[in-house]
Undergrad: 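Got a structure for you, questions after.
Numbered from 1 within each chain, the chains take letters A, B, ... in sequence-line order.
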Amino acid sequence: MSTTHALTDSRTMLRRNLQHAVRYPSLTLIVAAVPIVFLLLFVYVLGGTLGAGLGGPGGGRTEYVTYVVPGVLMLAVAGAPQGTAIAVAMDMTEGIIARFRTMSIARVSVLTGHVVGSVIQTLLGLAVVLAVALLVGFRPDADALEWLAATGLLALVAFALAWLAVAMGLASPTVEAASNLPMPLSLLPFLSSGFVPVESMPAGLRWFAEHQPFTPMIETLRGLLTGTAIGSSAWVSLAWCAVIALAGYLWARRGYERRPAR
Amino acid sequence: MGTSRDTAVSVTGLCKAFGSTVVLDGLDLAVAEGSVYALLGPNGAGKTTTVDILSTLTPADAGQVSVAGHDLARDPAGVRSAIAVTGQFSAVDDLLTGRENLRLMADLNHLGRREGRRRATDLLERFDLVEAADRRPATYSGGMRRRLDLAMGLLGDPRVVFLDEPTTGLDPRSRRAMWDVVRGLVAEGVTILLTTQYLEEADRLAERIGLLDGGRLVAEGTSDELKRLVPGGAVRLTFADADALETAGRVLGVPPGDPAALVLEVPSDGSVHALRSLLARLDDSRVDVAGLTVTTPGLDDVFLALTGRPTSEEVPA
């Protein structure tokens, strides 16, 4: 199978997945809706107190908005795999997947279509979340280059998690299982530096928060958008993305090949 | 098998087991190019598994398979490029309209935009789906779904088409429409391997029929050849009144089955000679025959005789 065909077929499958997203929009909407709810909850219910604890010069809610938005954006990215895994698991129950397997097309295109579709949906969801964040007072100080880098980082994380999500969808025997499997992933950002500084956590939890992938990702994003120190977080984030994407890709390929015909 | 024609599908010693359940147990098949071959058998005989293996969906445990000149084990991509499969489970995308489904297939066959659109439109017309083209398949009848399903397979210009129980669950009209489509494909030179549990379908469509039972062919041949394998022909005589029926029964030595029906079934090979002597004997006794039909054994008789079980023939009315 030539590379050109793999690209053309992936584009065809991507179009199919985007058509699905338009016709079955609830999965897309949830990507944006959940983080927005958390954004409002954290800013308006908890933000006053949490902001005071940050100990900055401004204090209070305004400072907390600046702190929490990168975490909420990453929360949106971490929530997307659930929708993707469900979409893949639903797809696998359809006879058309069996048809694809009997056709002379690039096999991986079924999976890349889902992955790229998931990234696009996530980025659209992020735009909505960001718009709400600006409305509630988020004032980033990023320049054009930093915005570009931030978008690239979010897309990269979304891409890596999408491969993992596709693999989870393939590994799930039912659509219900596909909905549950990525759940821990969407909770992980809460145990990171996204909502409160890790320094405020008890020792064991702090160690976990410092070493799990979402903390460097959020720190990098925070640095790009609001000018805090990034340090080694950028490289650690990229490494995590590479590892997650590769593992997800290999798992997904294996799952697709091993999946019974019907 | 026609000697002048090439073999489009050849299967030798095909075996497949799922766990300890043996589904195919040394299946041999040969389908001539441009012909219809029917695999006839009850549920569980291995029909769908055969189609799944031939269409590269399921790996075989053992055996040699060649489809359109491509070896299944060495060149599955070659097999895929030459085939289309329509299963009993519909393989259409329910979130796309009929036309979008066809365009999806056109793109996956790398037909190019203009050619893809043209072929999609042609197929919609040919399969009587023009009015439904821009609706989603969820609104289609069973027959329409099945036609869309087949049309999607044909966008790739297959040389061999596998039809797995193409008319199961369809009403008689949709079934006849599907048969017409199959005949049209054969007229274009496409080879068709179809599986069915309907004897009538095999009888009407197929040049050759293989009776599949317990994962192997128990008999194979044309419909007539198979019917000759078992006795069971008869002449059905109908009479105007009970007297004639009784006399005829006495003369021919056949007890009337149901006196009220005024019908007598006389075992016979149905040859002209046998008929002539039968009628001569009735004439001699001055018995008037109101009607006469010759019945030959049906495929169901053949199946029953060869397997000891009837097929699960449940043709929906």
Side-chain angles (χ1 to χ4, degrees), chain A residues 1-28 83 86-114 116-117 121 175 254 256-262, chain B residues 16 18 48-49 51-59 67 70 75-97 100-101 103-113 116 136-138 145-146 148-150 152-153 155-158 160-162 164:
Chain A
M1 188 58 55
S2 70
T3 327
T4 14
H5 277 188
L7 284 177
T8 334
D9 292 345
S10 296
R11 206 178 57 209
T12 306
M13 293 299 183
L14 169 64
R15 197 190 62 209
R16 168 173 180 264
N17 286 312
L18 292 179
Q19 278 171 322
H20 281 193
V22 170
R23 306 242 162 109
Y24 192 76
S26 53
L27 287 179
T28 320
I86 292 174
V88 169
M90 275 170 50
D91 216 8
M92 291 303 138
T93 65
E94 302 286 334
I96 195 156
I97 295 295
R99 178 194 288 285
F100 291 151
R101 287 170 192 264
T102 67
M103 293 176 66
S104 178
I105 56 178
R107 296 215 132 193
V108 77
S109 65
V110 174
L111 309 181
T112 47
H114 272 291
V116 179
Q121 276 175 267
V175 176
R254 210 173 101 113
Y256 188 62
E257 293 302 327
R258 292 221 174 158
R259 188 115 184 159
R262 293 220 162 102
Chain B
K16 179 72 186 176
F18 294 103
T48 296
T49 303
V51 170
D52 281 354
I53 292 173
L54 297 190
S55 58
T56 75
L57 276 175
T58 304
V67 177
H70 302 279
D75 183 17
V79 173
R80 286 184 201 121
S81 67
I83 63 167
V85 194
T86 295
Q88 49 182 318
F89 306 108
S90 139
V92 305
D93 190 318
D94 278 312
L95 291 174
L96 303 182
T97 66
E100 287 168 343
N101 264 295
R103 291 224 185 113
L104 175 67
M105 290 302 125
D107 290 346
L108 291 176
N109 281 297
H110 314 116
L111 288 185
R113 199 178 173 81
R136 292 194 215 165
R145 278 184 85 91
R146 214 65 70 91
L148 175 61
D149 201 327
L150 183 53
M152 285 166 72
L155 268 164
D157 248 338
V160 178
V161 174
F162 300 122
D164 189 19

Undergrad: Which residue out of A/Thr12, A/Thr8, A/Thr102, A/Val22 racks up the most heavy-atom pairs below 4.5 Å with chain B?
TA: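 Counting heavy-atom pairs under 4.5 Å, the top option is A/Thr102.
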
Undergrad: Would you confirm whether A/Arg101, through its side chain, and B/Leu57, through its main-chain N or O, come within 3.5 Å as a donor-acceptor pair?
TA: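 No, because the side chain of A/Arg101 does not come within donor-acceptor range (under 3.5 Å) of the backbone of B/Leu57.
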
Undergrad: At a 4.5 Å cut-off on heavy atoms, which part of A/Arg11 comes close to chain B: side chain, backbone, both, or neither?
TA: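 Answer is neither: A/Arg11 stays 4.5 Å or more from chain B.
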
Undergrad: Any side-chain heavy atom of A/Met103 within less than 4.5 Å of one from B/Val85?
TA: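 The answer is no, as the side chains (C-beta and beyond) never meet within the 4.5 Å cut-off.
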
Undergrad: For a side chain to side chain contact (heavy atoms under 4.5 Å, CB included) check, start with the C-alpha distance between B/Leu108 and A/Met13, then their side-chain angles and the critical distance, and finish with the verdict.
TA: CA-CA 9 Å; B/Leu108 291 176; A/Met13 293 299 183; 3.7 Å; yes

Undergrad: So, do A/His20 and B/Asp93 sit near enough that their side-chain heavy atoms are less than 4.5 Å apart?
TA: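 Yes, their side chains come closer than 4.5 Å.
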
Undergrad: Could you tell me if the side chain of A/Arg23 sits less than 4.5 Å from the side chain of B/Leu96, heavy atoms only?
TA: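 With C-beta onward as the side chain, the pair touches.
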
Undergrad: Kindly compute the distance separating CG (B/Asn109) from OG (A/Ser104), expressed to the nearest 0.5 Å.
TA: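 If I round to the nearest 0.5 Å, the distance is 8.5 Å.
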
Undergrad: Has B/Phe18 got more than 12 heavy atoms of other residues, nucleotides or ligands less than 6.0 Å from its CZ?
TA: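 Counting neighbours around CZ of B/Phe18, more than 12 heavy atoms of other residues, nucleotides or ligands fall under 6.0 Å, so yes.
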
Undergrad: Apply the test side chain to side chain contact (heavy atoms under 4.5 Å, CB included) to residues A/Gln19 and B/Leu95: give CA-CA distance (whole Å), side-chain angles for both, the deciding distance (0.1 Å), then the verdict.
TA: CA-CA 8 Å; A/Gln19 278 171 322; B/Leu95 291 174; over 6 Å; no

Undergrad: Just wondering, do B/Val92 and A/Ile96 contact through their side chains at under 4.5 Å, heavy atoms?
TA: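 Not touching, per the 4.5 Å side-chain cut-off.
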
Undergrad: Given that the side chain runs from C-beta out, which part of B/Asp149 has a heavy atom under 4.5 Å from chain A: side chain, backbone, both or neither?
TA: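 Looking at B/Asp149, backbone and side chain both touch chain A.
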
Undergrad: Between the side chain of B/Arg80 and the main-chain N/O of A/Phe100, is any donor-acceptor distance below 3.5 Å?
TA: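 Judged by distance alone, no pair lies under 3.5 Å.
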
